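Heavy atoms only: backbone and side chains are in, while hydrogens, waters and symmetry mates are out. Every value quoted in this text rests on a predicted model; they were computed, and no experiment measured them. Sequence lines set the chain letters: A, B, ... in the order given, protein chains first and strands last, and positions in each chain run from 1.
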Amino acid sequence: MAYEIKVNGEIMPIELLKQEGNNVSVNINNKSYEFDIVEVEKGIYSIILDGVSFNVELTPNEYRKYTIDTLYDHFDVEVIDPETRYINNRKGGHEDDVNYISTPMPGKIVKILVKAGDEIKAGDTCVIVSAMKMESEYKVVSDKKVKRVLVKEGDSIEGDQPLILLEDI
Amino acid sequence: MAYEIKVNGEIMPIELLKQEGNNVSVNINNKSYEFDIVEVEKGIYSIILDGVSFNVELTPNEYRKYTIDTLYDHFDVEVIDPETRYINNRKGGHEDDVNYISTPMPGKIVKILVKAGDEIKAGDTCVIVSAMKMESEYKVVSDKKVKRVLVKEGDSIEGDQPLILLEDI
Amino acid sequence: MIEKILVANRGEIAVRVMRSCREMGIKSVAVYSEADRTSMHVRYADEAYCIGPAPSAESYLVSDNIIEVAKKTGADAIHPGYGFLSENADFSDRCEKEGIIFIGPSSYAINTMGDKITARKTMTAAGVPVVPGTSEPIKDLEDAVSEIKKIGVPVMVKASAGGGGKGMRLVEREEDIISSVKAAKSEAMASFGDDAVYIEKYINSPHHIEFQILADNHGNCIHLFERECSVQRRHQKVVEETPSPIMTEKVRAEMGEYAVAAAKAVNYSGAGTIEFIVDDDLNYYFLEMNTRLQVEHPITERVVGIDLVKEQINISNNKTLTYKQSELTQKGHAIEVRIYAEDPDNNFMPNPGTIKHITEPLGLGVRHDGYVYQGYTIPIHYDPMISKLIVWAPERAEAIERMKRALYAYKITGIKTSIPFLNKIMDVPAFREGKYNTHFIQDNQQYLEPQKKSTQKLKDIAAITAFLDYLTEQSEIKPGNGDAKSEPSKWKSCGRKRGVSRL
Amino acid sequence: MIEKILVANRGEIAVRVMRSCREMGIKSVAVYSEADRTSMHVRYADEAYCIGPAPSAESYLVSDNIIEVAKKTGADAIHPGYGFLSENADFSDRCEKEGIIFIGPSSYAINTMGDKITARKTMTAAGVPVVPGTSEPIKDLEDAVSEIKKIGVPVMVKASAGGGGKGMRLVEREEDIISSVKAAKSEAMASFGDDAVYIEKYINSPHHIEFQILADNHGNCIHLFERECSVQRRHQKVVEETPSPIMTEKVRAEMGEYAVAAAKAVNYSGAGTIEFIVDDDLNYYFLEMNTRLQVEHPITERVVGIDLVKEQINISNNKTLTYKQSELTQKGHAIEVRIYAEDPDNNFMPNPGTIKHITEPLGLGVRHDGYVYQGYTIPIHYDPMISKLIVWAPERAEAIERMKRALYAYKITGIKTSIPFLNKIMDVPAFREGKYNTHFIQDNQQYLEPQKKSTQKLKDIAAITAFLDYLTEQSEIKPGNGDAKSEPSKWKSCGRKRGVSRL
């Protein structure tokens, strides 16, 4: 099973070599680690590596994607299984080219500035979202055509929810 | 569905009358309550009853049995569904007559003083269990015959685990 | 005597007020919006009533609903906390009319201090130093120039009808006076159709230092020393400490006396704060008065050893102050940081969400005033502050180390918070030396930037942890995965039960 | 200078020591038994090493394994905490031989104070008052009688070979002396084949009061005032406070001087505690010395404002004491309670298990030193103490109310704890008045009995909550239950998401 793992954008091969109880041996990018690892609370792992104690906090996001927090660092991690890898390869690595606008956090739609069929220029604001008394403008980064508007003004939205579908011109 | 509920040994009829969102109407022992109830954390309920705010902590034990803690009180609660009630009635209410010895907490078997086939008298010690440096003797409350010893000295045990099976003489 | 208090607020301050009520044997009544049914103040209070929909304009700001609950529950008094109705003179009046004690000052004090111009005039009359400047708009160029010469550069020239920086000029050199005033006037005319200007002394390196005061209904007023609040971002305080690292005994005593004079000038009653702007040479000027409890009140409580909410309640009970000025001292050093649900890597955007897990800091010298808990969803309608962390130590340097230790132990997942940013502040040389002013954050960007580089080892550890978690989930979804080497659920179940089962 | 410390302990004290290490920039090394892989001290430390199986005799008490880890990790010093190896003279010696600093006194001090007879002789020689009595066994009846007359009744006559109450007689009246001594001697002969007896002054209404001391390696020694520890159950301290409610300025000063003299008599170095037995008239007698940090040290830290662990480390660094006696004062009042995993309704049987949920008390004047967390399983091998709750307030009465408030907010499910029992202690009249001695718990049984009656309303609420939870689970197991009235999963899912979805 040839897995890959993507950490903050960088893709590396990863393999589980051995596992006995809490002791795990893993090879990542041709480097081997021997861990003593225990999930001490839901999503909180205690790791002892060569005597050094680490606390790692893991939040699962979408399928195969995780947010990892260590003492001072924050990582976005994605596990790439062989199947996904095959599909990605066929797409020529374009798997990140998402054609919609979303917000990183929950909020409320204040204003929608576009409608289906509009052709908009890079930098144009599509939607204004408020969260906790602060309003933020969401723009497109390249020229696009608005395919569909999925929300209306006044709607409450979740984080990472598609708001406006776009298509390339 | 005629349910009964047993609280600290007392059995009362209970019925869910109505439920809209968080608002629940329940009749217990011919008295009606209207609750605003929300589970705010796993096992922690916030209840507002006539404006008064209660925090109730619930720990599920065996099937249908719960431990409930409020600010100063502790309750053992068992939900009796119609089927169980029918069975209990046929047994003449003897449902609590458990024929084994167990401990309320995890520990370690220090000494076993009986073996299968022994006839023992009320008050005889069957087993000594240690937990956290303290040893406790577990006795029988009426004359019994030892059916089977399920543990051996030095074993670690869980709370409420049957240790010695008994039978009436 | 007050026996039941309605707390007209939410979040950490509502819980904090209720804690003191509980210690005094006073019943507390919570009010909550529809978005706050699961909020901690509802759970902590003795009684709780819903007062309307989520937006505060329809709930926490609706006097009628709050008064109605107070009457229904027989509450003797209302504590407004900070924000919401705490500095609303009409609400103070309304309470009085309804025969409910408003735990705060009279509408007269709120109104006088709430209006900048009136406050300035009142303070000048009371002999309290204010930032030198004009108290009336100036139309005439000559008058403006002579006024500036009187005050002395640097000054700020501001359009009297203005706002948003339009018609505003900083004058730093004598020779620029005339040209700058002309420019400001013409810009003001173009923008607002009015070329009248104000002139105000410009404080080059401003410190924000405030004094806590307490005043009873019998003419007694004391101050509880200063709080240094110069670490600010977008005019929001981020870190507060007491004593101020730049304060001297002499100036402290003077400023304290002025703070008391300021409060007395408006017949103040209750707890309040006199804010001063202070320059590097310790020249100080009255800025404004906050006629309520402040977010940062705990550092004063710690160093002076007084429960300010209890004092507020005592005062509302018409008691005389518990302490005399001469009985008060500052012992040791306290620092507070405010923890916000925000993303420091993304321009401090609010980052509400559901708390997946929280570990609160504990131990010697640490106070944590919060209201969130595991599984709680922070609503998007209110302030994103989730808690305040307060530390104390005999000396400032030790307090900084203690704050770092507490921040290290404080873990929240599910949302992003300002914890990493606060931790960086504790390491900025200017902060450690106590040499900072309100420009601190912009002046120290290089120390406060999100750290983009992590060690390769940590990166690998993060990757491996996610990978193992993934394999575990996979094997739970499809048991008998077939791969002999991977039985990944081991470390999860094992870790869980080990204390009991591995004997 | 010490740069890395191995903490040879577990639980709250290990974490507490590591916190101070972190504030001082000192790396910490945890050692742990196989039962403690998930324990908080392993997670908190910079490094962690397993030193053996669960039983402490095979792990935390094995000097060899601990020394080996210290050498491997390059630790400069070992902090023993309390219990385990903390009062083990051989271990202190061993560390010295291996060139590792033992953070505690020399083996000489440990040995001298560890043996009751030697300690008594040493203290008598140093002029420290000890409980009046014989220092050698008495064989002769006449000698015994004259000794008792010299000491004065009441006295306790004890079999010198004895134990377990056999051959022990309390003599309260002059006229009972001869008969009591005879009875004791004959019982002693029958039980132990030896009729020699000791005679000791009987303290009718004993208070347990101890003094914290600090001594450096340069001949300086200070005391940090007293702790009142008379609330005890089975000779285990349950509640501690400082100042003692029965103490006077004069006696405090005297006892403090004797505490310093006692420490100097054994060339003490580090933190230690001199325990006294005190009667109602404030006569005091040396009882024993604890040559280590005490569980109850935080109340002293709070009232005196000193971090005792940091002072221990400073002393071990051969520094002189940070404070002079004249610089120390007691400010306000602190109370500590010990929270045990035990069942107060079942004769205080230890009640280990898995923490299902924990809410820790927060806010003004509250310190919480614990080590357990949600999901943690308390091992059955060690002490069942899970945390210490310490409160401070300017006055004793307020501190008691604050403790009640903190206990109210402290919630643990999954295990039973002593919290309800501690809460009752805070309401016992004798405790509130500060008039109690070591008989407090037995004398106040009527206040401390588990409350058997609850209001019918609470009983109904408990029943209904369980019923609703049951219905929810049922409907989740078999969806489409058919009953139109019951869609019971609503309040669960609704509560969870409400903050987000109900806008």
Establish, from distance only, whether the side-chain atoms of E57(B) and H357(D) form a donor-acceptor pair under 3.5 Å.
no
Of all heavy-atom pairs linking V7(B) and A463(D), the shortest is CG2-CB, 3.5 Å
What distance separates [X] [atom1] from [Y] [atom2], expressed to the nearest 0.5 Å?
X	Y	atom1	atom2	result
I14(B)	F467(D)	CD1	CZ	5.0 Å
I464(D)	K31(B)	CD1	NZ	9.0 Å
I68(B)	T413(D)	CD1	OG1	11.0 Å
Y45(B)	I461(D)	OH	CD1	14.5 Å
E41(B)	I358(D)	CD	CD1	11.5 Å
L471(D)	Q19(B)	CG	CD	9.5 Å

Is there a side-chain contact between [X] and [Y] in this structure, where contact means two heavy atoms from C-beta onward sitting under 4.5 Å apart?
X	Y	result
K457(D)	L49(B)	yes
D69(B)	K411(D)	no
F54(B)	T465(D)	no

With the threshold set at 4.0 Å, does a side-chain nitrogen-carboxylate oxygen contact exist between K459(D) and E10(B)?
yes
If one checks every heavy atom of N423(D) against chain B at 4.5 Å, the contacting part turns out to be side chain
For P352(D), is it the side chain, the backbone, both or neither that has a heavy atom under 4.5 Å from a heavy atom of chain B?
both
Chain D contacts, top residue of V79(B), N55(B), I5(B) (heavy-atom pairs, under 4.5 Å):
V79(B)
I need the residue from N29(B), I47(B), N23(B), I28(B) with the largest number of non-hydrogen atom pairs under 4.5 Å to chain D.
I28(B)
For atom NZ of K404(D), is the number of surrounding heavy atoms from other residues, nucleotides or ligands below 6.0 Å larger than 12?
yes
Check whether more than 12 heavy atoms from other residues, nucleotides or ligands sit under 6.0 Å from atom NZ of K139(B), and answer yes or no.
yes
